[in-house]
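Residue numbering restarts at 1 for every chain, and letters A, B, ... go by the order of the sequence lines.
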Amino acid sequence: MTPIVQVGLDTPLDRLFDYSAGEAAADLAPGRLVEVPFGRTRQVGVVLGSLAETAVDGIKLRTILRVLDDRPALAPEVLRLARFCADYYHYPLGAVLLATLPPRLKNATPYLADTPWLVVTALGRAEGPAPRARAQHALLEALREAPQARAYLRAIKQGRHAAALVAAGWAEWTRLPPEAEPPPEGPRPAPATAEQQAALDVLLPTLGEFAVHLVHGVTGSGKTELYLRVIDAVLAAGRQALVLIPEIALTPQLEGHFRARFPGRRFATLHSGLAEAARTENWLAAADCDVLLGTRLAVFAPLPRLGLIVVDEEHDTSFKQQDGLRYSARDVAIARGKQAGVPVLLGSATPSLESYAQARSGRYRLLELRQRAIAAARLPEIELVDLRHVPQENGLTAPALAALHATLARGEQSLVFLNRRGYAPALYCPSCAWVSPCPHCSARLVLHRGAQRLKCHHCGFETRIPSACPDCGEPDLKPLGQGTQRVEETLATHLPGARIRRIDRDTMRPRAWAELGTAVHGGEVDVLVGTQMLAKGHDFPNVTLALILDTDGALYSPDFRATERLFAQLMQVAGRAGRAEKPGRVLIQTAFPDHPLFRHLQRHDYAAYARELLAERKQLELPPYTRQILVRAEATTMDAALAFLRRAAALAPDAPGVSVFAATPAPMARVAKLERAQLLIQSPSRAALQAFVRDWRPRLETIRPRPARWSLDVDPLVF
DNA sequence: AGCACGCCGACT
DNA sequence: GTCGGCGTGCTC
């Protein structure tokens, strides 16, 4: 019972704060949430340890105001994971902890647990009220059949009887929704394919130990089925499964799929689309559930019986948080799996290069599913349309239009992929070459015809479409290039009568996916035009043509990850064509048909492409695997941003094996009125990099003047 | 990050 | 005479 506790607080200061425990000393185990005075404010913090005496001298320690005993203490495994993140991402421990907590538990207002369901207890099954207490008796009978909702009981005026049953210990309130009725037997899962069985033979005997398995499975090879079978074994052993997916909005059917497969199991979901109250409730419920399905933030949920982590579509960049604590849920999942001693399954048809390299080197185990589970499903033919020789009109070539016509005539569906929303990527003045610059960014304003506005897709700036060139007064401004709106318009004129649906951020509301799925499955759509949103999400079995327009920007981008992303997107779009018995066709318009990417794409051979990229980078004599830290600074002038980074570099400690590169403007140099520059630190050794930053970070905090924003971003990287 | 303290320009 | 601009410093 020491009088001093160390508390983690949500502040950028990378240290813990000592408080005198006061009268609460007995109740201050690590993980406990407390309210403390901090500066002129009060804050919620997390108790992380206790001391006999403080190392801070010269100040009188302040006292804990209150222990927040209306919520559970953070479990030791969550604290441990937070410590890893603080260390790995060089982010203050207190800030990590508060960032991972659901919203309602972060403030000191008393938390009233929402317990909307009344369920029978074991005691209530064995005994009950005397038959004379007829109302209570009837209610308990009903509870033995199924849990009852509080709102319903209130509506039928059973609240008092419910309270009486709870008081007697025959029933209790719970926050978990009742177990669903076992759904009618769905189609029985097909027997495991030989490949699935081979993977299971590797996975099932090693469930109790940490290992990372990279499941590389082509579209339709039954990755999900493999997850389900492993999860089944984990649940049977009484453990919990955590399933991470990139975006819940794109997979509305997935939760139903899981529930149907494991009737009677307790499910919880966790993602930022949930209302605050629901998110907090589900976070609390996660500790008791069997399967937790969620987006990146779910990786921090309390799971005391964790037995398996699945990261589906592991290459997806949504797993990386882009601000604040810049964590990658895929990497945190691996750290968590290691801490908990449980296997981690990374699954993808197009694994990220860093995961693939780990698998090649033997640190991860590679499980390949090469065959499509549905035997009839053939991989589509991929043809290139050479834009150097074939003319295009409004972004479409004659072969592309012919293919669309033919598909439409057969009553089949087509998918047109163009990674640019809006009508045209810029508005152009033919007399003075003005091209609609964004006043806040280094990007171009995109023409949106429907909304009659110019919009910046980087900072959100919007303005009316000018009636004449702002520079020279020329009234006849032209749209430059193609966006999805314009392609939709062009297609409508070439395919009269075709039912065309555009799928991009402008047309898709969060709940619209289910409706779209029904419309496409029901044959109410002939042509889908859209951005990368089309590459993810639903399977559309009657799509037999995929048309890919304008990929060339990413082919020779200086950002080599743009090429990797493009390959993954193209594989996914190609995988959408011809999944049924009908042969599919993929047409790609490009001015660079000789690019090696297409050679591998035409063979549907992602692995060969990945191996070639790895070999290429090896030839450049780059270390095969490295970690980089980007220090980003944003200031009102580029000079200020660069000045900060130059001083930062000057304060860098000498460390063997760590390279500090010059500060440069960031690729998107100007965002929302702030100039952005970055400094690159690289090392193949995590330990060296960690020691370097530990030494360096306090010095960074002393640099004055400070830019408007600065941050450290850690990324594993493969060369 | 917040939040206050602290000295210099244009306003009721 | 003061309202408020953002530079600087502090938070157990």
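Here C:dC10 presents its P atom at 19 Å from CG of A:D14, a figure rounded to the nearest Å. Computed from coordinates, the A:E701 CD to C:dG9 P distance equals 14 Å when rounded to whole Å. One atom, CG of A:D10, and another, P of C:dT11, lie 18 Å apart when rounded to the nearest Å. In this structure, A:R42 places its CZ atom 13 Å from P of C:dC12, rounding to the nearest Å. Rounded to whole Å, the distance from CG on A:L98 to P on B:dA1 is 16 Å. Regarding A:R709, its CZ atom lies at a distance of 9 Å from the P atom of B:dA1, rounded to whole Å.
Considering only the side chain of A:P12, B:dA1 comes nearest among B:dA1, C:dT11, B:dC3.
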Would A:F300 and A:Y327 count as a ring pair (Phe, Tyr, Trp, His ring centres under 6.0 Å) if you check the C-alpha gap in whole Å, the side-chain angles of each, and the deciding distance to 0.1 Å?
CA-CA 11 Å; A:F300 295 108; A:Y327 69 99; 5.0 Å; yes
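At the heavy-atom level, A:L13 lies under 4.0 Å from base atoms of the strands shown. Across all strands shown, A:F38 has heavy atoms under 4.0 Å from base atoms, whether or not it also approaches the sugar-phosphate.
A donor atom on one side chain and an acceptor atom on the other are found under 3.5 Å apart for A:S352 and A:R330. Counted by atom type alone, A:D18 and A:T54 present one or more donor-acceptor pairs between their side chains at under 3.5 Å. When only modelled atom types and interatomic distance are considered, A:S355 and A:E314 share a side-chain donor-acceptor pair under 3.5 Å.
Regarding contacts with the backbone of C:dG9, a side-chain N or O of A:R704 is found under 4.0 angstrom from either OP1 or OP2. OP1 and OP2 of B:dC3 both lie 4.0 Å or more from every side-chain N or O belonging to A:R40.
Each of A:L9 and A:P705 was assigned the nucleotide of DNA chain C with the nearest heavy atom; the assignment lying further toward the 5' end belongs to A:P705.
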